Amino acid sequence: MGTKERRTREKEQLRRQILSAARELFVNEGYENVSMRKIANKIEYSPTTIYLYFRDKADLLDSVCKETLLDLLNTLGLLNRDKSDPVETLRKSGKAYVEFGLKYPQDYKLTFVVRPQFQQGLGLEEGSVGERVFNYLRAMVSECIRQKAFRRVDVDTAGQALWSAVHGVTLLLIDFSDFPWTEKEKLIDTVIHTMIEGLKA
């Protein structure tokens with residue numbers, strides 16, 4: 001490996017180290033209580049070093065959330081290879097979405113609860129990873145309509161309704177774990193089934 005390649009690899013490793021430290025501190029101490037100096041102290045570098053990689057703390061939060069959304073998109077993408085039964089793919093995607101949020105609850109909340117408090121919007125700008133996640137859902141709904149599995153409905157409205165359902169059950173299960181929920185898998189399946197059945201032709 002040449003000097004240039006080694007430096008590139010080392011820079012990427014440090015960038016990931018910064019992101020990992022920021023994610024941990026944001027989760028454990030709250031975004032508003034974390035400073036760039038605190039992140040720098042955790043990785044034993046100067047704050048100046050972090051500014052070589054990220055503009056400010058908001059840029060760090062945005063980068064952490066983009067990573068979470070990219071992981072979610074990759075998870076969903078694995079389900080979209082078989083086009084023969086789009087309804088079943090949509091059902092599996094909804095379940096995978098909820099399971100992702102429950103597996104990574106703090107990352108999920110940083111992305112969908114904390115970030116919007118400190119930055120404008122949900123990170124769904126044109127070309128963003130967030131937009132790509134929502135477009136995945138739109139595409140699934142469109143394919144169900146194309147194959148006449150769903151009646152002709154407004155794709156954006158149906159997609160947003162489906163997202164509202166899976167996001168709602170995800171966040172409720174994360175935030176209210178002591179609530180006497182019915183069996184978790186049954187609850188998740190029922191929410192998704194109810195939404196899908198309501199859209200069928």
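For the single chain, residues carry numbers from 1 onward in sequence order. Given the structure is predicted, the values throughout are model-derived calculations rather than measurements.
For Lys11, there are no salt bridge (Lys or Arg N to Asp or Glu O under 4.0 Å) partners, not counting sequence neighbours. By the side-chain hydrogen bond (donor to acceptor under 3.5 Å, both in side chains) test, Lys184 pairs with no residue at all, sequence neighbours left out. Listed by chain and residue number, Glu67 satisfy the side-chain hydrogen bond (donor to acceptor under 3.5 Å, both in side chains) test with Arg16 (two or more places apart in sequence, or in another chain). Taking Glu185 as the reference, Lys95 meet the salt bridge (Lys or Arg N to Asp or Glu O under 4.0 Å) condition, with sequence neighbours excluded. Evaluation of the side-chain contact (heavy atoms from CB on, under 4.5 Å) rule for Thr157 yields Asp154 as partners, not counting sequence neighbours. For Asp175, the side-chain contact (heavy atoms from CB on, under 4.5 Å) partners at least two apart in sequence or on another chain are Lys109, Leu171. Looking at residues two or more places apart in sequence or on another chain, you find a side-chain contact (heavy atoms from CB on, under 4.5 Å) between Asp71 and Phe100. Shown here are the side-chain hydrogen bond (donor to acceptor under 3.5 Å, both in side chains) partners of Lys42, two or more places apart in sequence or in another chain: Glu24. Contacts of Thr89 classified as side-chain hydrogen bond (donor to acceptor under 3.5 Å, both in side chains), with partners at least two apart in sequence or in another chain: none. For Ser46, the side-chain contact (heavy atoms from CB on, under 4.5 Å) partners are Thr48, Thr49, not counting sequence neighbours.
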Q: Please assess Glu12 against Arg9 for the test salt bridge (Lys or Arg N to Asp or Glu O under 4.0 Å), listing each intermediate value before the final yes or no.
A: CA-CA 5 Å; Glu12 180 57 25; Arg9 185 183 67 178; over 6 Å; no

Q.
I'd like to know whether Ser93 forms a side chain to side chain donor-acceptor pair (under 3.5 Å) with Tyr136, so could you lay out the CA-CA distance, the side-chain angles of the two residues, the decisive distance to 0.1 Å, and finally the verdict.
A. CA-CA 10 Å; Ser93 296; Tyr136 170 94; 2.6 Å; yes

Q.
side chain to side chain contact (heavy atoms under 4.5 Å, CB included) for Cys144 and Leu199? Distances and angles first, verdict last.
A. CA-CA 9 Å; Cys144 289; Leu199 292 169; over 6 Å; no

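Put simply, the side chain of Asp62 never gets that close to the backbone of Ala58: no donor and acceptor are under 3.5 Å apart. Under a 3.5 Å cut-off, the side chain of Lys57 and the backbone N or O of Tyr31 do form a donor-acceptor pair. Panel note: side chain Arg151, backbone Gly198; a donor-acceptor pair is recorded below 3.5 Å.
The nearest pair of heavy atoms linking Ile39 to Ala22 is CD1-CB, 4.0 Å. Here the shortest heavy-atom pairing between Ala21 and Ile43 reads CB-CG2, 3.5 Å.
We find that Arg146 and Glu143 are joined by a salt bridge, their nearest charged nitrogen and carboxylate oxygen being less than 4.0 Å apart.
Other residues, nucleotides and ligands contribute more than 12 heavy atoms inside 6.0 Å of the CD atom of Glu197. Annotation: Lys92, atom NZ; neighbour count of heavy atoms from other residues, nucleotides and ligands within 6.0 Å does not exceed 12.
Looking at Gln17 and Gln13, their side chains never bring a donor and an acceptor atom within 3.5 Å of each other.
Residues in residues 44-84 take part in no ring-ring contact (aromatic ring centres under 6.0 Å, His included) pair, two or more places apart or across chains. Listed by first and then second residue, the ring-ring contact (aromatic ring centres under 6.0 Å, His included) pairs involving residues 166-196 are Tyr108-His167, Phe112-His167, Trp163-His167, Phe179-Trp181 (not counting sequence neighbours).
Relative to the six-membered ring of Phe150, Lys200 misses at least one condition, a distance below 6.0 Å or an angle of at most 45° to the axis.
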